[in-house]
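Notes follow once the structure below has been shown.
Counting starts at 1 for both ligands and their atoms, in listed order.
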Amino acid sequence: MNKKFSSLTMLYAAVLLAVAMLPISCTPTPPPTPKDLAQEAIIPLPVSLEATGSSFRLTEKTDIYVQAGNPELERLGQYLAGLLNPATGLEIGVKTTDEAPASGHFYLALGANDAELGKEGYQLEIAETTVNLTANEAAGIFYGIQTLRHLLPAAIEKPEKQEGPWEIASGKIRDYPGYGHRGSMLDVSRHFFSVEEVKRYIDLISLYKMNVLHLHLSDDQGWRIEIKSWPKLAEIGGSTEVGGGEGGFYTQEQYKDIVQYAQDRYIMIIPEIDMPGHTNAALASYGELNCDGQPRKLYTGTEVGFSTFCTTKDTVYKFIDDVFRELAALTPGPYLHIGGDESHVTPMAEYIPFINRVQDIVAAHGKQVVGWDEIANAEMKPGTIVQLWAGAENAKMGVEKGAKVIMSPASKAYIDMKYDSTTELGLAWAGYIEVDTGYIWDPAAMAAAEGVDKSVILGVEAPLWSETVTNIKEVEFMAFPRIPGIAEIGWTPANLRQWDEYKLRLGKQKARFEAMEINYYASPKVPWAAQ
Ligand code: TNX
């Protein structure tokens with residue numbers, strides 16, 4: 001009896017214990033660890049940020065709600081889910097709604113009608129129970145999503161499931177850019193980069209809220225875009241590159257794919273066809289573009305300034321008209337870049353009428369001209385933009401003639417320059433550009449020193465010329481970590497940019513760079529943080 005009793009008791013006890021344990025596995029996960037929004041390493045630094053000392057935690061129940069009736073918001077919801085799901089493994093879904101959702105979810109909404117935020121700004125309100133992202137326009141939602149990436153652990157960037165928890169520090173961010181033009185230029189002519197490589201570069205710059213990718217599509221060493229009316233440009237002009245490699249070109253279909261990929265990330269592609277100099281690849285493809293009618297030999301060296309279109313020939317203008325017609329049709333953005341730099345063998349008396357006429361051709365195709373600062377020697381037609389690279393006095397002359405300016409001063413913004421004397425890749429003609437040198441400058445102050453007012457500065461671009469850079473991993477090494485700095489110069493107000501504070505935030509990007517497999521330069525100027 002006793003024995004029976006005791007075994008029954010034991011059974012009873014075991015059942016009790018099991019029942020008692022049940023609730024343990026059903027208990028909601030403990031509340032998120034309070035995090036401090038003010039300690040998070042967001043680049044570019046937001047305009048304003050208030051921490052509220054708690055956190056939002058992503059769980060199995062989390063979804064992304066988007067305001068109903070807006071396909072672009074739904075696309076952005078899917079984009080956010082695509083960023084969150086691989087590493088969290090949470091299967092976060094996207095749902096439409098007419099009102100703010102209940103607790104536990106993300107909510108993306110437009111129609112903020114908030115003048116301060118402008119076209120690209122956003123407001124992010126993170127509470128323990130919700131993440132609300134609002135903006136006037138979809139671009140702002142995209143930038144708010146980039147901020148959310150920076151607020152999550154770096155492992156969020158990994159392509160396969162990682163350990164959580166996935167928490168976001170609570171508080172409120174109101175943020176908008178100082179300049180509307182924040183970009184980089186990639187030289188796909190000196191060395192050719194594949195569609196996949198260009199897309200990777202777009203992905204990398206978009207994390208830092210850049211909105212322009214200028215593609216240098218032609219130069220002495222290569223012509224990289226299919227032009228149907230002049231097919232030998234791609235066939236012959238695209239057949240090599242610096243060093244004699246096989247080069248390449250984008251078919252118009254591939255180019256459209258790049259443009260769409262960029263547009264989906266709120267990045268405008270600015271196509272550049274450099275002229276009248278830097279044209280050997282075209283001059284090799286069609287003899288009639290030369291004054292003597294003879295095609296030039298393909299060129300695979302790195303000298304500049306030896307080539308020119310025959311600016312007195314009508315065929316040359318017919319050619320330019322055809323090229324820009326086809327390019328305009330592939331370009332949703334307002335700009336076509338005409339180069340215009342280093343035309344050392346084009347007499348100034350020919351250069352000026354040439355640039356005047358090309359501006360008219362571009363205008364006839366409904367686009368605005370952007371050109372390197374030498375174009376300011378010509379007339380500045382309505383809408384023309386001067387890209388300052390070496391000649392501040394040219395930019396000033398352009399402004400006096402009515403042009404606006406994009407700032408790419410070589411001694412600060414050229415990310416093809418070596419970091420220091422030991423950098424294997426890159427050039428050094430504009431000096432070494434360590435990460436601090438590339439960060440500590442202000443476009444408006446630099447322009448003001450030349451007597452140019454801030455109001456005519458559209459923004460900044462960091463050019464990556466590719467004489468020495470042959471593949472995307474080398475592109476990454478030159479761009480990172482200088483691109484985040486240029487992006488911050490374009491976005492964050494000058495009075496909030498301090499190198500001593502920035503370098504700490506940059507140091508904390510280490511884990512993110514590694515999660516994204518970015519081949520970055522581990523500059524000794526930056527206190528790289530383990531976490
Ligand atoms: C100058 S910048 C050039 C390019 C070179 C670059 C190398 C500019 C408008 N012209 O042709 O690739 O230097 O840093």
For [atom], grab the closest protein heavy atom and report residue, atom and distance to one decimal in Å.
{"atom": "atom 5 (C) of ligand 1", "answer": "E467 OE2, 3.3 Å"}
{"atom": "atom 10 (N) of ligand 1", "answer": "D341 OD2, 2.9 Å"}
{"atom": "atom 11 (O) of ligand 1", "answer": "R190 NH2, 3.0 Å"}

[X] neighbourhood, listing ligand 1 atoms whose heavy-atom distance to it stays under 4.0 Å:
{"X": "E342", "answer": "1 (C), 3 (C), 4 (C), 10 (N), 11 (O)"}
{"X": "M417", "answer": "14 (O)"}
{"X": "W372", "answer": "9 (C)"}
{"X": "L427", "answer": "7 (C), 14 (O)"}

Does ligand 1 come near enough to [X] that some N or O of the ligand is less than 3.5 Å from an N or O of the residue?
{"X": "W429", "answer": "yes"}
{"X": "Y414", "answer": "no"}
{"X": "W389", "answer": "no"}

Classify the ring geometry between F192 and Y250 as parallel (under 30°), tilted (30 to 60°) or perpendicular (over 60°).
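Correct class here is tilted.
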When you check the side-chain N and O atoms of D175 and W491, is any donor under 3.5 Å from an acceptor?
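Yes.
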Heavy-atom contact under 4.0 Å between Q387 and ligand 1?
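The answer is no, since Q387 has no heavy atom less than 4.0 Å from ligand 1.
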Under the criterion ring-ring contact (aromatic ring centres under 6.0 Å, His included), I'd like the reasoning laid out for Y143 against Y176: C-alpha separation, chi angles, the key distance, then a yes or no.
CA-CA 9 Å; Y143 297 129; Y176 46 89; over 10 Å; no
With A138, which residues qualify under side-chain contact (heavy atoms from CB on, under 4.5 Å), at least two apart?
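So A138 forms a side-chain contact (heavy atoms from CB on, under 4.5 Å) with E72, L76, Y266.
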Winner among D373, D416, D274 once heavy atoms are compared against atom 7 (C) of ligand 1:
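Closest candidate by heavy-atom distance is D416.
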Do D442 and R497 pass the salt bridge (Lys or Arg N to Asp or Glu O under 4.0 Å) test, and can you show the C-alpha distance, the side-chain angles, and the key distance before you say yes or no?
CA-CA 9 Å; D442 177 51; R497 299 196 309 264; 2.8 Å; yes
Could you check L213, I270, V370 and say which one makes a side chain to side chain contact (heavy atoms under 4.5 Å, CB included) with E461?
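Looking at L213, I270, V370, the match for E461 under the side chain to side chain contact (heavy atoms under 4.5 Å, CB included) is I270.
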All salt bridge (Lys or Arg N to Asp or Glu O under 4.0 Å) counterparts of R200, not counting sequence neighbours
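E476.
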I want to check something: taking the side chain as every heavy atom from C-beta on, are F324 and I338 in contact at a cut-off of under 4.5 Å?
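Yes, close enough: below the 4.5 Å cut-off.
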